[in-house]
Amino acid sequence: MCGIVGYIGHAQAAPIILEGLKRLEYRGYDSAGIALIKGSGFSVTKQTGRVDGLSQSIPPDFGGGTTGIGHTRWATHGGVTDDNAHPHISSDDKIALIHNGVIENYAAIKRFLITKGYEFKSETDTEVLANLIAYHFAKEPAATDDSSRLLNSVRKTLHHVEGTYGICVLCADHPDEMIAARRGSPLILGVGQDEMVVASDVAALVSRTQNVVYLNDGELVAIKGASFTISTLDATGVSPVIDQVDWTVEDTDLGEYDHFMLKEIFEQPAALENAMRGRFAQDGATAMFGGLNLTANEIRGIERVMFCSCGTALHAGMVTEHLIERFARLPVECDHASEFRYRNTPLFAKTLFFVVSQSGETIDTLAAMREAQRKGFKVLAINNGVGSTIAREADGGIYQHAGPEIGVASTKAFTSQLVLGAMLALYLGRIRDMSFREGTEIVTALKQAPDLVRETLKLAPQIEQIAKRYAHVEDMLFLGRLELFPIALEGALKLKEISYIHAEAYPAAEMKHGPIALINEQCPSVFIVPANELFNKVVSSMQEIKARGGPIIAITTAGAELPDGLADEVVRIPQSHEVVLPILATIPLQLFSYYVAVERGCDVDKPRNLAKSVTVE
Ligand code: G6P
């Protein structure tokens with residue numbers, strides 16, 4: 001939700017900020033803006049639309065400043081207008097500020113500031129921050145050490161603020177300073193060669209440096225020239241830990257592909273290999289995870305497993321639920337993270353608690369994790385965001401190592417979560433209730449998964465043709481059973497997200513309890529119907545659709561004998577073990593939604609109204 005970039009250094013700030021914003025557009029893309037320090041004031045350009053549009057609008061006399069801030073917006077408070085775009089400038093023109101998050105008590109602060117003569121030009125919650133900092137800055141006693149004047153003003157402001165923020169602040173009177181702070185929204189400091197970059201995500205700063213400091217909630221960084229200090233809101237100093245980012249800017253480039261989504265779909269074999277690398281025990285026929293921070297004895301004592309996550313990551317948890325129940329004989333519950341935190345679920349002491357999140361920044365998932373921790377549970381994270389807030393606050397976890405995922409619709413992160421979920425089920429199973437032989441079979445099957453995905457990806461041309469035939473429809477059903485029901489949910493979600501076709505998913509047999517009323521020649525159904533113990537049952541469900549004139553697309557396995565003429569389209573994925581099948585069945589659904597969206601002329605990587613990382617509640 002919104003991307004922010006700040007630069008202070010020796011180079012021209014504008015191109016660096018604009019390039020950073022381009023890389024953060026997945027976080028929001030309804031408007032964008034930039035402000036540079038220029039003389040004793042600011043040069044500001046901001047407008048609705050994308051970062052490319054902003055780049056073209058910057059006037060030649062914008063200024064060659066070496067200090068600046070930029071923002072790409074996903075609107076929360078206030079419509080998508082030029083005035084509501086960030087940066088916001090205080091009404092005395094002293095402070096420029098960008099913000100990611102929501103200021104919940106903005107109305108009260110605004111009323112107060114109006115009584116003090118401050119004027120507002122936007123409908124945003126953010127503008128109160130700029131004006132409140134300006135208010136405190138004006139009030140700071142003249143005797144205050146000049147170098148702390150801005151920092152103190154920001155601190156005083158943040159003490160009054162309820163809600164979430166990642167902010168970056170410039171002051172016209174202190175042109176060599178920048179203050180950034182976070183609570184609930186991600187913020188990373190890149191420490192370069194005589195330059196500093198502050199951003200919502202490492203993607204925006206790896207072109208300048210791979211040395212980063214992940215700020216914690218409640219921390220502020222004060223940058224002056226080429227040096228920085230970190231402190232808390234109550235002015236306690238914090239020793240910075242400088243981490244190294246293990247990927248480069250090339251990993252976030254499109255390469256030969258038209259869209260990041262397609263690139264990331266084709267990166268899935270490598271993502272699976274990276275997730276599994278070094279995580280199988282030679283002689284134990286099991287998986288091993290270095291970061292769980294639990295002994296085998298503690299795992300043996302577990303009586304339940306709980307997963308909380310959002311969107312696609314929730315679907316990964318739902319597939320894992322089936323596999324853990326099947327292999328480890330443990331009851332598993334999956335919940336929407338956004339619901340869990342308010343649901344007052346009875347929780348049992350011996351519960352192993354997981355959150356799943358690609359970004360590691362989703363606020364609902366983070367809040368669910370904190371709620372479980374508050375209740376005394378250790379929470380483990382399956383997470384792709386190295387250094388993300390969830391990764392740092394979790395009590396242990398499993399990194400996905402899927403590499404940066406840029407397309408808003410999650411693809412490689414999902415299948416990487418699936419393979420890790422299967423490995424988790426194997427690991428729990430082997431400690432509890434699974435033979436060496438069955439463990440060996442699963443290890444063998446999982447190791448084959450990347451090659452089977454490569455094989456499945458060869459279906460792309462066939463799926464592209466099918467997608468062209470169905471791209472005009474407005475409603476679709478996705479149907480599967482057991483661990484393939486969450487895959488149907490994922491297929492429907494992908495289609496909704498990027499092609500704006502209304503799609504619903506059901507367990508296949510549940511379809512006759514309502515959704516079948518939707519069926520006609522205009523409403524196709526996608527059935528996931530592998531050759532397994534429920535094959536005939538799913539075929540019966542297909543017959544019921546066929547009898548009512550509904551077109552059918554069947555995702556089935558090689559060799560499965562579907563009745564002639566039952567399906568209008570038949571896509572055959574390789575036959576495989578049940579731990580791998582959900583991964584393979586996902587691939588045609590991803591490709592289908594991708595090609596449908598392309599055919600409909602949709603903006604695949606930046607679908608309307610969505611953001612990749614939802615950092616507001
Ligand atoms: C947003 C994205 C989804 C994603 C969900 C959870 O809604 O649009 O694609 O699945 O957030 O994100 P996370 O980073 O926590 O996996």
Side-chain angles (χ1 to χ4, degrees), residues 1-3 24-30 74 76 184-186 200-203 260-261 264-265 271 275 307-320 334-341 354-370 379-394 397-400 402-418 420-421 486-487 489-500 503 586 589-590 593-594 597 602-617:
M1 296 289 79
C2 303
L24 293 184
E25 263 192 322
Y26 72 86
R27 302 178 63 83
Y29 33 84
D30 56 43
W74 188 89
T76 56
S185 302
S200 311
D201 183 338
V202 278
F260 282 108
M261 183 179 176
E264 288 156 6
I265 287 173
F307 284 92
C308 276
S309 39
C310 301
T312 291
L314 180 65
H315 299 155
M318 291 169 74
V319 175
T320 307
C334 268
D335 201 0
H336 299 270
S338 54
E339 291 290 284
F340 169 79
R341 58 184 296 205
F354 280 92
V355 291
V356 186
S357 175
Q358 187 285 127
S359 61
E361 299 294 350
T362 301
I363 197 81
D364 287 325
T365 308
L366 181 60
M369 179 171 97
R370 288 175 177 165
V379 180
L380 307 177
I382 298 176
N383 168 230
N384 194 37
V386 176
S388 64
T389 310
I390 286 177
R392 281 176 296 125
E393 292 192 16
I398 306 172
Y399 269 130
Q400 297 182 226
E405 191 181 67
I406 312 286
V408 166
S410 184
T411 52
K412 65 174 179 176
F414 176 62
T415 47
S416 137
Q417 287 159 359
L418 292 184
L420 289 171
I487 301 301
L489 283 169
E490 177 60 9
L493 180 64
K494 286 278 95 64
L495 193 70
K496 276 183 279 205
E497 280 180 315
I498 60 168
S499 69
Y500 320 138
T586 301
L589 302 179
Q590 295 171 338
S593 61
Y594 172 76
C602 299
D603 191 341
V604 172
D605 286 331
K606 298 188 186 72
R608 73 182 180 208
N609 304 340
L610 298 179
K612 184 155 188 69
S613 181
V614 181
T615 55
V616 294
E617 195 177 336

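Source: prediction; values computed, not measured. Indexing begins at 1, ligand by ligand and atom by atom, following the structure's order.
- Protein heavy atom nearest atom 7 (O) of ligand 1, with residue, atom name and distance: V614 CG2, 3.8 Å.
- Side-chain N or O atoms of Y594 include none that pairs as donor or acceptor with a backbone N or O of I265 at under 3.5 Å.
- In terms of modelled atom types and a separation under 3.5 Å, the side chain of E264 and the main chain of G407 share a donor-acceptor contact.
- Regarding atom 8 (O) of ligand 1, its nearest protein heavy-atom neighbour is A611 O, 3.1 Å.
- Between F307 and F354, the ring planes lie parallel to each other; the angle is under 30°, not in the 30° to 60° tilted range.
- Counting only distance, with no hydrogens or angles, the side chain of E361 and the backbone of T389 share a donor-acceptor pair below 3.5 Å.
- Looking at atom 6 (C) of ligand 1, its nearest protein heavy atom turns out to be C310 O, 3.4 Å.
- For ligand 1, the polar-atom distance check against T365 finds no nitrogen or oxygen pair separated by under 3.5 Å.
- With a 4.0 Å heavy-atom cut-off, ligand 1 is reached by no atom of E361.
- Put simply, no part of A409 is less than 4.0 Å from ligand 1, judged by heavy atoms.
- Using a 4.0 Å cut-off to heavy atoms of V408, the atoms of ligand 1 that qualify are 9 (O).
- Inter-residue side-chain proximity for Q417 and Q358 is flagged as met; some heavy-atom pair is nearer than 4.5 Å.
- The protein atom (non-hydrogen) at minimum distance from atom 10 (O) of ligand 1 is T312 N, 3.0 Å.
- In summary, of the residues considered (V355, V379, L366), a side chain to side chain contact (heavy atoms under 4.5 Å, CB included) with E393 occurs for L366 alone.
- Looking only at protein heavy atoms, the nearest one to atom 3 (C) of ligand 1 is E497 OE2, 3.9 Å.
- For N384 (side chain) and G403 (main-chain N/O), a donor-acceptor pair under 3.5 Å exists by modelled atom type.
- Here the heavy atom of the protein found nearest to atom 13 (P) of ligand 1 is T362 OG1, 3.2 Å.
- Looking only at heavy atoms of the protein, atom 11 (O) of ligand 1 is closest to K612 O, 3.6 Å.
- Here the protein heavy atom with the shortest distance to atom 16 (O) of ligand 1 is Q358 N, 2.7 Å.
- Partner of M261 under the side chain to side chain contact (heavy atoms under 4.5 Å, CB included) criterion, chosen from E405, K412, K494: K494.
- Near S359, with a cut-off below 4.0 Å to any heavy atom, the atoms of ligand 1 are 13 (P), 14 (O), 15 (O).
- Of the possible polar contacts, one joining the Y29 side chain to the P607 backbone as a donor-acceptor pair under 3.5 Å is found.
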